Amino acid sequence: MAIYEIEKLGGIAGFGGAHLRSRGKVDSAALSADENKAIEALFSGATKRSLSSGSDAFMFRISRSSSSGNETVQVPEHLVPAALTRAVQDELI
Amino acid sequence: MNRTIPDCHGYNATERKFPLCSCFIIPRDVLERFATDRKLTDAQRESFASTAQLEKSWRRVREAHAKLSLTALAVLPTAVAATAPPAITVFDCQHSSTLPGAPVANPGSSADGTIKRAFNGASDVADFYMKLFGRNSVDNAGKTLISSVHYSINYNNAFWNGSQMTYGDGDGNIFIDFTKSPDVIGHELTHGVTQYSAGLNYTNEPGGLNESMSDVFGSMFRQWKANQDASKADWLIGSEIMGPGATARGFTCLRDMSNPAAKHCLAPQPTKYSQYKPGMDPHYSSGIPNFAFYKAATAIGGKTWDKVGKIWYTALTGFPPKPNMAMSFFADRTRTLAKSMFSSEPSVAGAVDKAWTAVGL
């Protein structure tokens, strides 16, 4: 079991900068087996043979803590399961 | 631990030699290995061998197509420019995240304002590039311009995915409909122009240049639509997509090319090269070349597309692809072009040089 911390970055407006933030958390226990499998593939690099999303597309930074330490991957939006992309909340800071 | 996921060629963004690509999901060496794998049946081995051969054939076709395009551009520029203008198509995602969505018949006369704006905006950008620069679509060979609208739910973004534009409706608070800013439409389509010309990468210095090209020609497109001189333009990017929550906080735009660090920018940017840091989001590092363009344009005066726009356009499109271009390289290229293209007006080269020097390049 793990808690995934997700941050949406980039886009034409530059999320992750001075005034725009989009973050969220998801408990792996709340995800389906397929969703957990898809996320595991991101961390293991098994989905590495994928095209980038292109210019102005969002990137997602996903972090998790486990017995082997902290792990973070940064991947294009189209590779991220919808359960994680839905979990972030856009806000002005 | 941070890991970067490489693309289908195994390159990460800074190593990539191609702006974008279309690839077989299974690499050819794997297909060939399966084709001789004795653990598989004859039929399976034959299938993998056929697929590997098909991949080779497709690669030859792609290479031949690229070679032919470059040869045609070099030998027959007028013939290429004379081909029909690009078709403009619009798809409606109906709030799903599947591209391209459902095709829209007669988008130019749609009752849906978003669909109509996406169609008219893409048509106008195609006109802009054709009339001012003689460019036929993003690839200068008449590529169909595809736009998808109503993407996802409350989606705060617009993007170019390598083959088409996609627009979100905004969340209604921070942003509203992304088709409402003409410079955003020009920005996205210019990513296509960059992809098919200099092929700039999307990280580090070439990433900042890539984003700047989209802001420069997006803003120029907006000024052209309004027939504005450089001195009359507001130089704002995304002013029409700001939602009530953002405007209530005093944010009037995403970026301001005339004052990249201003407080009214939702995404304030650096203005000097000394502030650049490797790995910086290209939407921030683009402030440096954006500011140089603004300074050159206002110093030269008149319509941006008459002089400084032609210099920037030639610097972007008039040379072989250079994905890892540094900002200083682009600056020097525009300095050289300003001298050769406007040799009878040394003030133009002087303004370009002074603009780059002012931002530390």
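Chain identifiers are assigned alphabetically (A, B, ...) following the order of the sequence lines, protein sequences preceding nucleic acid strands; residue numbering begins at 1 within each chain. Model, not experiment: these values are computed from the prediction.
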Fill in: Residue, of B/Leu254, B/Val184, B/Asn157, B/Asn154, that accumulates the most heavy atom pairs under 4.5 Å with chain A
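Going by pairs under 4.5 Å, I would pick B/Asn157.
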Worksheet item: For B/Leu266, is it the side chain, the backbone, both, or neither that has a heavy atom closer than 4.5 Å to a heavy atom of chain A?
Response: both
Discussion item. Need one label for B/Asn156: side chain, backbone, both or neither, based on atoms under 4.5 Å from any heavy atom in chain A.
Written reply: both
Discussion item. Using heavy-atom distances under 4.5 Å, tell me whether A/Glu77 contacts chain B through its side chain, its backbone, both, or neither.
Written reply: side chain
Worksheet item: Heavy-atom distance under 4.5 Å to chain B: side chain of A/Ile93, backbone, both or neither?
Response: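 A/Ile93 touches chain B through backbone heavy atoms alone.
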Discussion item. For a salt bridge (Lys or Arg N to Asp or Glu O under 4.0 Å) check, start with the C-alpha distance between A/Asp90 and A/Arg21, then their side-chain angles and the critical distance, and finish with the verdict.
Written reply: CA-CA 6 Å; A/Asp90 296 352; A/Arg21 185 166 63 189; over 6 Å; no
Practice prompt. Measure the acute angle between the ring planes of B/Tyr202 and B/His191, then classify it against the limits of 30° and 60° as parallel, tilted or perpendicular.
Written response: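 B/Tyr202 vs B/His191 ring planes: perpendicular.
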Item to complete: Would you check if the distance from the ring center of A/Phe58 to the ring center of A/Phe15 is below 6.0 Å?
Response: yes
Worksheet item: Are the aromatic rings of B/Phe251 and A/His19 close, with centres under 6.0 Å apart?
Response: yes
Practice prompt. Considering only NZ, NE, NH1 and NH2 on the basic side and carboxylate oxygens on the acidic side, decide whether B/Arg222 and B/Glu240 come within less than 4.0 Å.
Written response: yes
